[in-house]
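Contents: one structure, followed by commentary.
Positions are given from 1 along the sequence. Ligands are counted one by one from 1 in listed order, and the atoms in each one are counted from 1 as well.
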Amino acid sequence: MNQDTLNLTQHSANDINIHAMSQSVTQSDILAQLEQAFVQHFGYAAQQVCHAPGRVNLIGDHTDYNGGFVLPAAINFGTWVAGHTRNDRIINVVALDCAGERVSFSLDNISFDEVSPWSNYVRGSLIALVKALPDFGGADLVVKGNVPRGAGLSSSASFEVVILKTMAALYDLPLSGEQAALMGQQAENEFVGCNCGIMDQMISAMGKQHNAMLLDCRSLEIQYARMPEDLAIIIVNSNVKRGLVDSEYNTRRGQCEQAAAFLGKASLRDVTLAELNAAKAELEPVLYRRAHHVISESIRTCDMLAALNRHDMAEISALMAQSHRSLKNDFEVTTSQLDILVSLLADKLGEHGGARMTGGGFGGCVVALTERSHVDKVLATLAEDYHAATGLKADIYLCHAVDGAFVAV
Ligand code: GLA
C-alpha cells in the first residue's frame, strides 16, 4: 500500500475529508474512464493519453514575476488527456469534468470562447503552439482532471501543459518542457487574461518524482532537491472562495514593478535588502513592504533548498513561518482563515514541521511539511478545530512529489 493511503479509513471515520489516493489507483481509474469516454464520443479508440500534474509551492510566493526563486513540487493530482490525430485542422475537445461539454474549432481561426471558458486554456495554448511549431493538424481530445479547482494548486497550468504535451506526442513535435511551460504562460497572459508568472507551468512540465524543484525564474535554471523520505506534504484547502484574485494579483505585480523602477532596477531580482533598506525613507511604505517581501522571500527560498538538503527540520519550520508572516504583513495576500489554519498547524506540529499559505493567496490552500510519524497526530483534530474557529470545512490532501508531464499510454 502506498504510504499516503495509510489510515485513510480511520480519518474518514472521523468525518475528515482526506484525499490521499495513491497515484497508481487514481491514474488507472482515470485512464479507464478516459478511454471509454473517447470511444463513446468519437466512435474509435484514442491513440495516446498524456498527463500533467498540478503543483504545490513549498516556499517562494510572488517571487516568480519578479525574476526571483521558487521551490514547488509537482503533486499526485493532475490533468489527463486522451487524444487522436485528425486528417483536417479541427480540434474537438470533450471535458468530462464539465458534464461532457464538447467544443470544436479550427486551428486556422481560434477565438475567445465566452460560453465554455474552460476551452480558452486549450485555445490559448494552441495559438502559442501554432506560432512556434506549426507543423501539426487537428485532433480529437477528451480531458479529465482531479486537481481541486480554484484552490491554488494550478489546475489551469496542468491543463495547458497536458494539452501541449498531447499535441507534441500525437504529432511528434520537438517540444521541450521549458517551451511547453512558456507557451502555457503565454496562453494565460495573452489569451485567458491572467498575468501570472512562470512557476506553475514550469513545475507542471519539469517536476521530478520525490523532488522539489528550485527554479530561478529569470534564467529558468533548475536545481532539484530530493525530499527526505520521511517528510510528508500535507495540503489543506481553507475552502475560502478566492476573491479578487486577478485584480489584487495585478495590483501586487504593479507595486513590485513600481518599487523596482523607483530603485532604478529592471526588476526586484536586482535589488538587495541593503539597497532596499537604504531607500526606505524615500519609498512609499506600501512599496517598501511589497519589495521587502519579494526580496526576503527569494532569500528564504534558497535557504529552504539548503535546509531540505540538510534535512534540517527546525530551519524548514522557521523559514515557512517567516514566509507566511511576510505574505501576511508585507505582501497582504493571506486571509484570516489561512492565518488560522497556519497557526493551528504550527501549534500541532511544534518542532516537527512547518506550515504556510501556498500560491497566490486570497483564499486557497496552506501547505505543511512534517515527519510522516506526525501526520496522524496533526490531522486528528485539525479539521474540527478549523471548523470550530471559522465555521468552514477543510479538505486535506496528503501528497507526494511526482514527475512533470509525461505520455501515460
Ligand atoms: C499564482 C501564479 C504564479 C505565482 C503565484 C504566487 O499561482 O500563477 O505565477 O505568481 O500565484 O507565487
Side-chain angles (χ1 to χ4, degrees), residues 52-75 77 121 124-125 147-161 178 180-207 212-218 220 235 237-238 242-257 267-269 290-291 293-301 304 319-320 323-324 326-328 330-335 338 356-367:
R55 66 99 186 92
V56 64
N57 192 20
L58 304 181
I59 196 163
D61 273 313
H62 292 277
T63 47
D64 62 351
Y65 53 82
N66 289 295
F69 291 89
V70 294
L71 188 67
I75 54 172
F77 292 85
Y121 296 104
S125 302
V147 184
R149 269 178 283 171
L153 301 176
S154 295
S155 55
S156 55
S158 78
F159 191 11
E160 292 142 17
V161 172
E178 186 179 307
L182 288 165
M183 287 178 193
Q185 186 196 22
Q186 203 178 320
E188 294 269 4
N189 293 173
E190 294 170 18
F191 194 74
V192 176
C194 166
N195 217 3
C196 66
I198 190 62
M199 164 169 71
D200 305 344
Q201 290 80 8
M202 275 296 280
I203 182 66
S204 182
M206 304 292 293
M213 184 180 99
L214 183 82
L215 174 68
D216 176 338
C217 296
R218 179 144 78 181
L220 298 188
I235 299 175
N237 188 350
S238 65
R242 292 192 310 154
L244 299 173
V245 184
D246 289 348
S247 63
E248 289 293 340
Y249 188 90
N250 289 339
T251 306
R252 295 298 182 283
R253 250 192 110 133
Q255 289 167 332
C256 293
E257 282 157 16
S267 95
L268 288 177
R269 169 64 183 268
R290 302 299 189 246
H293 165 72
V294 171
I295 299 167
S296 62
E297 182 81 347
S298 253
I299 297 170
R300 280 187 289 274
T301 303
M304 180 78 152
L319 290 167
M320 291 178 89
S323 168
H324 187 83
S326 180
L327 286 155
K328 175 176 189 284
D330 280 349
F331 219 65
E332 298 178 280
V333 291
T334 70
T335 63
L338 288 174
R356 59 183 286 281
M357 64 147 265
T358 181
F362 303 107
C365 292
V366 309
V367 58

Legend entry - Any residue meeting ring-ring contact (aromatic ring centres under 6.0 Å, His included) with Tyr65, in chain and number order, not counting sequence neighbours: His62, Tyr249
Inset, instruction - Answer yes or no: is there a side-chain heavy-atom contact under 4.5 Å between Leu182 and Leu220? - result: yes
Legend entry - Presence of salt bridge, Arg269 and Asp216, under 4.0 angstrom: yes
Legend entry - Set of side chain to side chain contact (heavy atoms under 4.5 Å, CB included) partners for Glu190, sequence neighbours left out: Lys131, Gln186
Please give the N or O to N or O pairs under 3.5 Å between ligand 1 and the protein, distances rounded to 0.1 Å.
{"residue": "ligand 1", "atom": "7 (O)", "partner": "Arg55", "partner atom": "NH2", "Å": "3.0"}
{"residue": "ligand 1", "atom": "7 (O)", "partner": "Asp200", "partner atom": "OD2", "Å": "3.1"}
{"residue": "ligand 1", "atom": "8 (O)", "partner": "Asp200", "partner atom": "OD2", "Å": "2.7"}
{"residue": "ligand 1", "atom": "9 (O)", "partner": "Asp64", "partner atom": "OD2", "Å": "2.6"}
{"residue": "ligand 1", "atom": "9 (O)", "partner": "Gly197", "partner atom": "N", "Å": "2.9"}
{"residue": "ligand 1", "atom": "9 (O)", "partner": "Tyr249", "partner atom": "OH", "Å": "3.4"}
{"residue": "ligand 1", "atom": "10 (O)", "partner": "Asp64", "partner atom": "OD1", "Å": "2.8"}
{"residue": "ligand 1", "atom": "10 (O)", "partner": "Asp64", "partner atom": "OD2", "Å": "3.4"}
{"residue": "ligand 1", "atom": "10 (O)", "partner": "Tyr249", "partner atom": "OH", "Å": "2.5"}
{"residue": "ligand 1", "atom": "12 (O)", "partner": "Asp61", "partner atom": "OD1", "Å": "2.6"}
{"residue": "ligand 1", "atom": "12 (O)", "partner": "His62", "partner atom": "N", "Å": "2.7"}

Legend entry - Residues in side chain to side chain donor-acceptor pair (under 3.5 Å) contact with Asn237, at least two apart in sequence or another chain: Asn239
Inset, instruction - Could you tell me whether a side-chain N or O of Arg300 sits under 3.5 Å from a main-chain N or O of Gly60, the two making a donor and an acceptor? - result: no
